[in-house]
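Some notes on the structure that comes next.
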Amino acid sequence: MISSSLARALLASVALLASVLLAGCDTDQASLATNAKANQPVPPKLVAAMAEKNMDLQSPILVRLFKQEAELEVWKQTRSGQFALLKTYPICRWSGDLGPKVREGDRQAPEGFYSINPGQMNPQSAYYLSFNTGYPNAFDKALGRSGSQLMVHGDCSSRGCYAMTDEQIAEIYSLGRESFFGGQKAFQLQAYPFKMTPVNMARHRNNPNMAFWKMIKEGYDHFEVTRQEPKVDFCEKKYVFDAAKPADAKRDPVFDASAKCPAYVIPEEIASAVREKEERDQAEYNKLVAKGTPVARMNTGIDGGMNKIFAAKIPEGSTGLSESAEGSTLQMLAMAKAPGTIPGTVNPPKPNFEPVAATPSQEPVVAVAAPAATTRVAAAAPAAAAPAEQSSGGGFFSGLARKMGMGTADTTATASAPQATASARPTTASTTPTTATSRLKAAVTRFVPGHHDASKDKPVAATKPAETKPAETKVAATRPALKPSVSDASADAGSKDAQMAGAAPVVSSNSFDSRFGAVK
């Protein structure tokens, strides 16, 4: 199975490489066509799962992201024509708050609907592999929102991105690559604050982003009832889903995100199914509000979240704005196997216990301060720093995108080495009388898993032998050439499926358990 998948990927790469050379492109693009990381085959276990679900290896995909659940879902089209869930990946780190990205530098990971074409795939990312989300889209631009180089990438480090482990992004990247080889011109990325259920909508009913969330929930509902990728358009600074021309129209409607909406209709079979779902959801929502479902706490100051499976592997780890599954504590999850590896220094969400004023509809809540340690971040490479990429038109997949009639995107990422920041400790005992706040602080610190005194925060670092890293720009070459498959990580070490052909072996000192076991 491995050899056949590898052969298929290599044959496709050779064919594409030949077209690049015939087009007169330079050797840099030729090297991208044979990039080992970008051409890792889809893991055999995942190929087997596709067969069980009536999917083809190169059929179209669709990706959904959820911040609160810290999950990335990959959906794949079955032979019936509808999409079915192939696999759910825990997100290692996302930054910002629940809500859309508004401006450059706000650390927000985007929310909304985006289209990923081959030109947005980055095989030379400093974060192992990545793809550009395409933010800002036409809707974002119509509202004057700004930002660039918002990625889904590896390395478990985020400043406005969705960060996976290297093993995870290698697998997701391979699924996207195969869908392009199968003829899909672009796959849809749907990014949400949470799963758009009546319970979640009720819990966040007082959030200032609710109007925006209700709007993108329409697209969520379209996909839920049809299991088809919704057609996305924009007009009057809003999203429009599955619009079609009226029966008496002679041509398709033309949409402009900033202009008045043209005449359009939504096919009745879709409109009626969506309407029925919305009515059921609204009835359930009304019941939840009537019985006093608590409003979600406003966590002013917290920076993003992390899936519970990763937080459980990190000393003093916290899920931040992401929520642990009911009945699962971080201690319970500490025994579970983590999907992939993370760097020696990580920056999980770190809570503190300074009280904030309650809104009229909320009880007093606990705020969480932004992490003190500087993380590695994804950023666009300066134009002057990459003349070779500019001259080659943005890389191999960008060239492929132009051949297919699609736009390109500069998706090269750079990273800065992490820097440790020491936290000052008080030198004398406090004489402040005991208050309700201090009792709350002591109780949470003592009994809530992962919580601690913010005054004692320190950057979380793995225990390793004496080794220093130069404080200079991180490049892709500093990481192992290949990462083992997440799907096949549990295969027998002596079997052929235990490691992909050409992949670098797993180094025991680089695993979650060994990196952090000494300090647990």
Side-chain angles (χ1 to χ4, degrees), residues 62-69 73 94 96-103 106 108-116 133-147 150 162 188-244 253-267 270-286 288-289 295-296 298 321:
L62 181 146
V63 174
R64 298 202 303 181
L65 291 156
F66 302 98
K67 290 179 178 177
Q68 181 174 280
E69 292 80 5
E73 296 176 345
W94 60 272
D97 201 349
L98 300 182
K101 184 173 183 64
V102 175
R103 63 184 179 278
D106 62 5
Q108 284 291 102
E111 294 175 8
F113 288 70
Y114 300 90
S115 182
I116 315 300
T133 63
Y135 177 93
N137 61 21
F139 167 81
D140 301 316
K141 292 176 182 177
L143 294 179
R145 294 175 175 174
S146 61
L150 281 303
Y162 292 97
Q188 191 172 90
L189 174 73
Q190 304 176 7
Y192 299 100
F194 39 73
K195 294 187 177 179
M196 313 299 277
T197 62
V199 172
N200 282 333
M201 298 298 281
R203 291 184 63 241
H204 295 278
R205 58 188 179 273
N206 289 344
N207 192 291
N209 294 300
M210 183 50 68
F212 170 73
W213 291 341
K214 286 182 177 179
M215 180 173 60
I216 62 174
K217 182 182 182 295
E218 292 181 23
Y220 179 94
D221 290 344
H222 277 240
F223 180 71
E224 286 290 306
V225 301
T226 66
R227 287 293 188 255
Q228 298 281 355
E229 178 183 302
K231 176 177 173 286
V232 180
D233 290 296
F234 313 97
C235 61
E236 298 178 8
K237 299 181 181 179
K238 66 179 183 180
Y239 279 86
V240 177
F241 300 100
D242 290 319
V254 178
F255 288 86
D256 185 317
S258 300
K260 182 178 179 180
C261 292
Y264 70 88
V265 297
I266 298 175
I270 298 177
S272 60
V274 170
R275 187 164 50 248
E276 290 174 3
K277 181 181 185 303
E278 289 177 343
E279 290 173 354
R280 293 193 303 270
D281 288 351
Q282 186 63 43
E284 180 64 22
Y285 171 90
N286 292 340
L288 291 167
V289 173
V295 176
M298 302 295 288
L321 292 177

Interatomic distance, [X] atom [atom1] to [Y] atom [atom2] [nearest 0.5 angstrom]:
| X | Y | atom1 | atom2 | answer |
| --- | --- | --- | --- | --- |
| Ser258 | Glu236 | OG | CD | 11.0 Å |
| Phe241 | Ile216 | CZ | CD1 | 7.5 Å |
| Phe223 | Leu62 | CZ | CG | 5.0 Å |
| Gln108 | Leu98 | CD | CG | 8.5 Å |
| Lys231 | Phe255 | NZ | CZ | 5.5 Å |
| Glu218 | Ile266 | CD | CD1 | 7.5 Å |

Can I get a per-line list of side-chain donor-acceptor pairs under 3.5 Å for residues 208-215, giving both atom names and the distance, sequence neighbours left out?
{"from": "Asn209", "atom 1": "ND2", "to": "Asn207", "atom 2": "OD1", "distance (Å)": "3.1"}
{"from": "Trp213", "atom 1": "NE1", "to": "Glu111", "atom 2": "OE1", "distance (Å)": "2.9"}

Worksheet item: Step by step, would you call Asp281 with Met201 a side-chain contact (heavy atoms from CB on, under 4.5 Å)?
Response: CA-CA 9 Å; Asp281 288 351; Met201 298 298 281; over 6 Å; no
Item to complete: Could you check whether the rings of Tyr192 and Tyr220 sit parallel, tilted or perpendicular, using 30° and 60° as the cut-offs?
Response: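 Tyr192 and Tyr220: perpendicular rings.
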Discussion item. I need the minimum non-hydrogen distance between Ala263 and Pro253, along with the two atoms involved.
Written reply: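 Looks like O-CB, 3.5 Å.
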Response to the item:
On a heavy-atom basis, the closest approach of Asn137 and Phe113 is ND2-O, 2.9 Å
Item to complete: Only one of Lys217, Arg64, Lys195 passes salt bridge (Lys or Arg N to Asp or Glu O under 4.0 Å) with Glu224; say which it is.
Response: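 Of Lys217, Arg64, Lys195, salt bridge (Lys or Arg N to Asp or Glu O under 4.0 Å) with Glu224 is met by Arg64 alone.
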Worksheet item: Any donor and acceptor pair, going by atom type alone, linking the side chain of Tyr135 with main-chain N or O of Lys101 inside 3.5 Å?
Response: yes
Item to complete: Please test Trp94 against Leu65 for side-chain contact (heavy atoms from CB on, under 4.5 Å), starting from the C-alpha separation and ending with a verdict.
Response: CA-CA 11 Å; Trp94 60 272; Leu65 291 156; over 6 Å; no
Worksheet entry | Residues that Ser115 engages under side chain to side chain contact (heavy atoms under 4.5 Å, CB included), provided they are two or more places apart | Ala186
Fill in: Sequence-distant partners of Arg275, side-chain hydrogen bond (donor to acceptor under 3.5 Å, both in side chains), two or more places apart
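Listed in chain order: Glu268.
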